Amino acid sequence: MSQAEIPKIFDPKAVEARIYEEWERSGAFEADPEPNKEPYCIVLPPPNVTGALHMGHALNGAIQDTLIRRARMKGYKALWLPGVDHASIALQNVVERKLLREEGKTRWDLGREEFVERCRVFAQEVRSRILGQLKRLGASVDWRRLRYTMDEEYVDSVLTAFIDLHELGLVYRGNRITNWCPRDRSAISDLEVNYEEVDGRLYGVRYPFADGRGPGPDGNPYAEVNTTRPETVLGDVALVVSPDDERYEELVGRKVTVPFVKREIEVLADSYVDPEFGTGVLKVTPAHDPNDFEIGKRRALPAVNVLNHDGTINQNGGPFTGMTREEARTALVARLDEEGLLGEVREYRHRVGHCDRCGAVIEPWLSEQWWVSMKELAEPAIEALRTGEVTVYPDSWQRETIRWLENLQDWNVSRQLWWGHRIPVWYGPGGEVVAAKESPGVEWEQEEDILDTWFSSGLWPFATLGWPEETEDLLYFYPTSLLSTAREIMYLWVARMIMMGLRFRGEVPFEKVNVHSIVLAENGTKMSKSKGNTIDPIDLFDEYGTDAVRFGLLYQSSTQDFSYSYERAALGRGFVTKLWNMARFVLSYPMEVTDGAAEASVSDRWILSSFNETAREYDRTLEECEFSEAMRLVYDFAWHELADWYVEICKVAPSKETPRILREVLDGTLRLLHPVMPFVTEEMNRIVGGEGMLVRSSFPQFDPALEDAEAARTLERTRLAVSAVRSFRAESRVEGELVGRAPKGVDLTVFSALAGVRPAEQLDGWFTATLPAGDAVVEVALSEELRRKEIERLRKEISRIEGELGRAEGKLSNEKFVERAPEAVVTAEREKLNRNAGLLETLRTRLEEYL
RNA sequence: GGGCGAUUAGCUCAGCGGGAGAGCGCUGCCUUCACACGGCAGAGGUCGCUGGUUCGAACCCAGCAUCGCCCACCA
């Protein structure tokens, strides 16, 4: 193909789909165990089958694809294992909302079987959309191994894990306070509760004395407490005061009556109470508050439950039975007021828990649930993080995760939902309880509850590889190499995978964890559907091209969260165009040059050396998950060294080796970039006639033989000299060829060609401009009329250099500096001083000559 | 209430002990045969504030301010 036939701008739409297909067809993504190769494995954090992929997925996908392609090119047997998650509560919520919206029905109208079927169908549709999006991203996953948490084999892994933990006694059933979502009618875990500040009220409630004795210490015939949830009064079983509270000494042991339900309860002393808060008297409602539950346990108090599972008041609620909790609150407060039992009511800002999935206010509620005790599981995980068996990037998250594991509460894993893995526990006719995959007999009934979705996710790195079977895949690819994830699921997911991996495989599930940035909206807030500020990555792919978006994302991805800016995609697109046109140039470049030197020129040696150095640093930064730094390195090399300088040098001062080296360096650059920008590099490789496909090529390795510090120094001096002349031309508006003298140590051919300066041995008798270039000076001959301008310019330069000289002198005359600073620093400062002194001398002499 | 992080050019962000950087935007020149999604040359910053450590601080320490995120059972 010739240059003229290739468009000036790469058209991603025209080739992306075709190239992806070619990759797939070639089997390049397929990875099977191969004993004489090192394994490298990443399991894709399975997207929820609830919606579409978002920017976070795009970023994480780009990160993982970059790492897996690099590993593949480096000769590892690299498996990126794809999958999707059934997302129990999230998906159930989506389907329930849809059901209500479209048919006006609830899940109970449909019944369990029918509802689960709806979920299954919905998940199927979403799943195919998500997988299509992964392909658009260019994800080089092994599609043959696609896993789904509801696959038969995966379900078996989940049941096996649960039964195993049950047998170990690490799973137990207990009646405890849980976070109850009355809308979902299910318990949820602590991590699924969002606490939000809301403006509420703090109500005073008066409990009349029931023992017939006189009024209390404050002269009132009642004891007053403060509560934000007055409806829970109905479930009160005691009042408590601080044992140190002198105001209430006499109160302890007396009886009061709970309004409306007329229960007589005792006033107790308990150190939990803070005498400073409110009236200093606390009501105890063990069924509806975790602290009260603890007090109740300590004092052997009964727990009176006043709520139904849908949040209405149950039969224990006296006159309020059947009302919703909101209605009950209003009605109860009104009745208290009527009966003179309402104390002070004031505005009160406090935190209220909301369901992470549906937003309903959470009720702490006493219920029978399945729990996993965490202490035993957490300990080895803490140890693995401490010893660095798992390394987390950035390392601040290593400590955070340890801290969290150290303070772990038991995990409520049962959910009163329908979409998910039903708990494999069977209740026998004689009250027997057995954990098993199959029903033990006809009379036995299976537990209605399902498992928390994160229980199955916790098994992801090994369940996807075939566990509990000792498959070849599992033995070869486990532990996986790296897990890349967003920080919001570090606890929900990552920490639990570590615990589960250690429990079931005796080894950590991954060696490295990369905690990536969160992609924020342009104004720095979180993207969310409700705010309407989300960006669809697919739209970006359409507009800028996938490679451009991927590059832009990685360029912004450091340890900080970042606001997404379209500029980054534009930056990536610009880079793609630049590379594309370099390839067009190379195509047009002759295969042979006739008039150059036979051996590689200093420029040739420089670009090889610089490429080599870039390859090394690029590889290192990717290894350390410093993506932003890696992108910067390769961008700067490709654009500001290869394109800006070497390509220009190739045009004007080639050697006979230049055609080969130009092609070699372009090829190497494409291979460096292929992991990040797979499509355009693959296409470029094709048009420049590279062998095979880049996806199967090798990653450039650092080669010490190519290092050439002298060539690098020469080019550095040459570039400075050229820039000095260009700068002078722009400022003084001088065009055309100049006659001049270059400083020592520059490549004269390159200098004269790029600066447009014809070299002269000596310029005596000419009027010249004296241009500082680094530590040297370029002189160019000028016409007489520029004399005044040159005098001005010289004065400016002189004062600039005087300033620098002064600074160096100041430092060196400071005895402490000379004494305490490292010798290299002092030496550098001396050299700087000498250099500037020489420069100044030259400039001053010139100035005097011209005055 | 605890913990973590951020504050650097108009904007988005790098740099994290030895003379302030990138991209975008801005200014001037260049439609030169790879690229105007371009080239060359520029302008633009007391590196949040106040102290401290150091020969030397954007960088380390302390405090403050502002913003953000996690964690926590105070009614």
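Fair warning: this is a prediction, and the values are worked out from it, not measured in the lab. Letters A, B, ... mirror the listed sequences (proteins, then strands); counts begin at 1.
B:C29 and B:C59: their C1' atoms are spaced 39 Å apart (whole Å). Spacing of C1' atoms, B:G56 relative to B:G17, comes out at 8 Å, to the nearest Å. B:G5 and B:C13: their C1' atoms are spaced 16 Å apart (whole Å). Comparing the C1' positions of B:C37 and B:G42 gives a spacing of 22 Å, expressed to the nearest Å. Nucleotides B:G63 and B:C11 have their C1' atoms positioned 31 Å apart, rounded to a whole Å. A distance of about 15 Å separates the P atoms of B:A43 and B:U27, rounded to the whole Å. Across the P atoms, B:U8 and B:U31 are found 40 Å apart, a figure rounded to whole Å. Here the separation of B:G51 from B:A57, taken at their P atoms, is 14 Å to the nearest Å.
For the pair A:Asp270 (side chain) and A:Val240 (backbone), a donor-acceptor distance under 3.5 Å is absent. Judged by distance alone, the side chain of A:Asn836 and the main-chain N or O of A:Glu802 form no donor-acceptor pair under 3.5 Å. The main-chain N or O of A:Leu492 is found under 3.5 Å from a side-chain atom of A:Arg496 such that the two form a donor-acceptor pair.
Pairs of Watson-Crick or G-U wobble type, with distances under 3.5 Å, assemble into runs of 3 or more in RNA chain B at these ranges: B:1-7 with B:65-71, B:10-13 with B:21-24, B:26-30 with B:38-42, B:48-52 with B:60-64.
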Sequence neighbours excluded and cut-off under 3.5 Å, please list the side-chain donor-acceptor pairs for residues 565-580 of chain A, or say none.
unit_1: A:Thr577; atom_1: OG1; unit_2: A:Arg573; atom_2: O; d: 3.0
unit_1: A:Trp580; atom_1: NE1; unit_2: A:Pro7; atom_2: O; d: 2.9

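Between A:Asp636 and A:Glu735, it is A:Asp636 whose nearest contact on RNA chain B lies nearer the 5' terminus. Nearest-nucleotide assignment on RNA chain B puts the 5′-proximal partner with A:Phe728, out of A:His350 and A:Phe728.
Taking the charged nitrogens against the carboxylate oxygens, A:Glu406 and A:Arg403 have no contact shorter than 4.0 Å, which rules out a salt bridge. Using a 4.0 Å cut-off between charged nitrogen and carboxylate oxygen, A:Asp542 and A:Lys13 do not count as a salt-bridge pair. Using a cutoff of 4.0 Å between basic side-chain nitrogens and carboxylate oxygens, A:Glu829 and A:Lys832 are scored as salt-bridged.
Nucleic acid contact class of A:Ala643 (heavy atoms, under 4.0 Å, all strands): base. Among the atoms of the strands shown, only primed sugar atoms or phosphate atoms (P, OP1, OP2) are found under 4.0 Å from some heavy atom of A:Arg403. Nucleic acid contact for A:Pro364: none, since no nucleic acid atom lies under 4.0 Å from a heavy atom of the residue. Nucleic acid contact for A:Ser588: none, since no nucleic acid atom lies under 4.0 Å from a heavy atom of the residue. Within 4.0 Å (heavy atoms only), A:Glu829 reaches no atom of the nucleic acid at all. Among the atoms of the strands shown, only primed sugar atoms or phosphate atoms (P, OP1, OP2) are found under 4.0 Å from some heavy atom of A:Arg726. As judged by a 4.0 angstrom heavy-atom cut-off over every strand, A:Tyr348 is placed among residues touching the sugar-phosphate backbone only. Note on A:Val273: a base of the nucleic acid sits closer than 4.0 angstrom, heavy atoms only.
Residues of residues 280-291 of chain A having a heavy atom closer than 4.0 Å to RNA chain B, listed by number: A:Leu282, A:Asn291. Less than 4.0 Å separates RNA chain B from at least one heavy atom of each of the following residues of residues 810-818 of chain A: A:Asn814, A:Lys816, A:Phe817.
The phosphate of B:G39 (OP1 or OP2) has no side-chain N or O of A:His640 nearer than 4.0 angstrom. Distances shorter than 4.0 Å separate none of the side-chain N or O atoms of A:Trp580 from OP1 or OP2 on B:G38.
Between the side chain of A:Gln409 and the base of B:A72 there is no donor-acceptor pair of N/O atoms closer than 3.5 Å. Counting atom types as modelled, A:Glu804 pairs a side-chain N or O with a base atom of B:G19 as donor and acceptor under 3.5 Å. Counting distance only, with no hydrogens placed and no angle test, the side-chain atoms of A:Lys578 and the base atoms of B:C35 include a donor-acceptor pair under 3.5 Å. On a pure distance criterion of 3.5 Å, a polar donor-acceptor pair joins the side chain of A:Lys651 and the base of B:A34.
Side-chain contact, A:Ser628 with A:Arg632: a donor N or O sits under 3.5 Å from an acceptor N or O. In summary, the side chains of A:Thr178 and A:Asn412 do not present any donor paired with an acceptor at a separation below 3.5 Å, with no hydrogens or angles considered.
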Self-check item: Under 4.0 Å protein heavy-atom contact, by nucleotide of nucleotides 8-17 of chain B - B base, S sugar-phosphate only
Solution: ----BSS---
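Rounding to whole angstrom units, CG of residue A:Leu754 and P of B:U32 are separated by 18 Å. If you measure from atom CG of A:Leu202 to atom C1' of B:C74, you get 11 Å, rounded to the nearest angstrom. Between the C1' atom of B:C24 and the CE atom of A:Met631 lies a distance of 19 Å, rounded to the nearest Å. Atom CH2 in A:Trp397 sits roughly 11 Å away from atom P in B:G5 (whole-Å rounding).
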Practice problem: For the pair A:Gln369 and A:Ser367, evaluate side-chain hydrogen bond (donor to acceptor under 3.5 Å, both in side chains) and give the outcome as yes or no after the intermediate values. | Solution: CA-CA 6 Å; A:Gln369 302 288 341; A:Ser367 63; 2.9 Å; yes
Quiz item: Does the side-chain hydrogen bond (donor to acceptor under 3.5 Å, both in side chains) test come out yes or no for A:Asp199 and A:Tyr348, once each step is laid out?
Solution: CA-CA 6 Å; A:Asp199 289 314; A:Tyr348 189 62; over 6 Å; no
Self-check item: A:Tyr272 vs A:Asn291, side-chain hydrogen bond (donor to acceptor under 3.5 Å, both in side chains): CA-CA, chis, key distance, verdict
Solution: CA-CA 9 Å; A:Tyr272 170 77; A:Asn291 295 311; 2.9 Å; yes
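Under the salt bridge (charged side-chain N to carboxylate O under 4.0 Å, His left out) rule, A:Glu231 has a single partner from A:Lys283, A:Arg325, A:Arg329, which is A:Arg329.
Contacts of A:Tyr248 classified as ring pair (Phe, Tyr, Trp, His ring centres under 6.0 Å), with partners at least two apart in sequence or in another chain: none.
Classification of the A:Tyr555-A:Tyr635 ring pair by plane angle, with boundaries at 30° and 60°, yields perpendicular.
In this structure, A:Arg176 is not positioned above the aromatic face of A:Phe293 in the sense of NZ or CZ being under 6.0 Å from the six-membered ring centre and within 45° of the axis.
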